[in-house]
Amino acid sequence: MAILTVNNLYKNYGLIKALKGVSFSVPPGSVFGILGPNGSGKTTLLGIILDVLKASAGSYKLFDEEPTHLHRQQIGTLLETPNFYHYLNGVQNLKIAAAIKQRGAGDIDNVLEMVNLEQRKFSKFSTYSLGMKQRLAIASSLLGDPDVLVFDEPTNGLDPVGIAETRELIKKLSKSGKTIIMASHLLDEVEKVCTHVAILQKGTLITHGHVDEILVTDEVVETAATDMHQLYAILQQYPGSKKVYAHEQHIELSFTAGTASLEALNRYCFDNGVTLRHLRLRKKSLETKFFELTQTTK
Ligand code: ATP
């Protein structure tokens with residue numbers, strides 16, 4: 001069973017191609033990150049799934065079925081900062097939200113507890129911190145106890161405390177059994193919060209899958225010797241390395257995380273007649289990895 005299956009979706013706004021044939025599926029219980037820079041098509045994709053926008057071509061399914069409003073009732077959404085009333089308290093604001101959504105009027109105490117706002121539920125919205133305001137917005141998305149939550153950039157515009165609170169809450173909601181689909185332009189956020197990721201760039205899906213597989217940090221070993229040509233020649237034969245790059249001052253080998261061994265490499269070079277004068281292990285940053293991933297489709 002998949003919560004959402006997207007099949008070859010296209011969306012054009014006039015001449016702008018916002019989605020160019022995107023396909024992936026969201027497994028139940030996952031925190032599924034749609035990751036991409038601004039303008040990559042994340043909001044467009046969420047808009048189509050939530051029936052706010054019409055796709056130009058392609059299709060999608062919710063819970064393995066043709067989507068209807070009944071399926072969408074099982075989805076709680078947080079698409080943009082909701083308009084809460086500043087002079088009303090948390091409970092009063094949620095009562096209004098429940099009336100507008102026509103669901104969840106009996107859930108208000110539960111959802112406030114879920115987002116850890118019960119202590120402040122009778123305080124005016126205007127007295128809330130940024131993180132509390134966002135937690136109230138998430139509480140509103142929980143009205144009616146939906147199984148699936150869709151959040152567009154849930155930490156945008158928050159201060160560091162608010163960001164941390166919101167991320168913790170997303171993890172807690174996931175533990176409670178909800179499936180969460182969230183758009184983010186922050187690699188670090190997806191790595192910290194999500195179990196799965198789909199990376200979008202300019203409307204094209206670059207890659208998707210388990211975060212641990214997609215965003216795994218490579219290990220990079222820098223080497224140098226007096227005769228760089230000879231070193232380069234033997235390193236190209238070195239088993240286990242994914243790539244060999246020649247830089248001006250050193251030669252780099254990249255390895256899947258956890259597989260680089262400096263001892264083994266040193267011995268290999270020595271056995272092949274090269275004495276290393278430089279040998280250093282470093283992790284490739286996720287930013288570099290992301291940059292590489294998004295470069296490959298250009
Ligand atoms: P952001 O994080 O900045 O919202 P995004 O990844 O969510 O970016 P979208 O908002 O889906 O991306 O936009 C994808 C592309 O479609 C962009 O080039 C954008 O300018 C364009 N676009 C979005 N909405 C419209 C619209 N209503 N009319 C014309 N072009 C649009």
Side-chain angles (χ1 to χ4, degrees), residues 3-26 30-62 67 72 75-83 130-131 133-134 137-138 140-141 148-160 162-163 166-167 170 179-209 211 214-215 286-287 289-298:
I3 298 294
L4 164 70
T5 308
V6 172
N7 186 18
N8 215 12
L9 270 192
Y10 285 80
K11 175 69 186 175
N12 304 330
Y13 297 103
L15 290 177
I16 297 170
K17 294 178 170 31
L19 295 176
K20 304 176 198 164
V22 172
S23 305
F24 61 85
S25 67
V26 174
S30 58
V31 182
F32 196 99
I34 298 171
L35 174 66
N38 287 343
S40 53
K42 306 180 297 292
T43 304
T44 299
L45 183 61
L46 296 184
I48 292 172
I49 296 159
L50 298 169
D51 205 27
V52 181
L53 290 171
K54 279 247 162 303
S56 304
S59 61
Y60 66 98
K61 287 189 169 175
L62 290 172
R72 286 193 195 89
I75 303 178
T77 58
L78 175 56
L79 292 189
E80 51 197 40
T81 318
N83 290 325
L130 285 174
K133 286 177 176 164
Q134 189 68 340
I138 293 177
S140 173
S141 77
V148 180
L149 299 166
V150 173
F151 297 153
D152 193 1
E153 302 275 3
T155 62
N156 238 12
L158 297 182
D159 54 11
I163 291 173
T166 306
R167 289 180 181 168
I170 292 172
T179 301
I180 297 158
I181 302 171
M182 57 181 265
S184 174
H185 65 282
L186 302 171
L187 178 68
D188 171 60
E189 173 155 289
V190 168
E191 206 217 352
K192 286 193 173 122
V193 176
C194 297
T195 58
H196 292 70
V197 62
I199 301 183
L200 273 184
Q201 191 201 24
K202 294 184 186 158
T204 303
L205 185 70
I206 298 172
T207 182
H208 62 109
V211 164
I214 305 279
L215 298 181
L286 281 172
E287 277 68 23
K289 175 93 181 178
F290 187 42
F291 183 73
E292 279 178 11
L293 281 169
T294 52
Q295 290 302 299
T296 51
T297 56
K298 282 199 174 154

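One-based numbering, in listed order, for ligands and for the atoms of each.
Partners of H208 according to the ring-ring contact (aromatic ring centres under 6.0 Å, His included) rule, which considers only residues two or more places apart in sequence or in another chain, do not exist here. Residues that satisfy the salt bridge (Lys or Arg N to Asp or Glu O under 4.0 Å) test with D51, not counting sequence neighbours, are K54, R72. Partners of K192 by salt bridge (Lys or Arg N to Asp or Glu O under 4.0 Å), not counting sequence neighbours, listed by chain and number: D188.
When heavy-atom distances to ligand 1 are checked against 4.0 Å, the residues falling inside are Y13, I16, A18, P37, N38, G39, S40, G41, K42, T43, T44, E153, ordered by chain and number.
Remark: the backbone N or O of K202 is not paired with any side-chain donor or acceptor of K17 at under 3.5 angstrom. Using modelled atom types, one side-chain atom of S184 and one backbone atom of L186 make a donor-acceptor pair closer than 3.5 Å. Judged purely by atom type and a 3.5 angstrom limit, T155 has no side-chain atom pairing as donor or acceptor with the backbone of I163.
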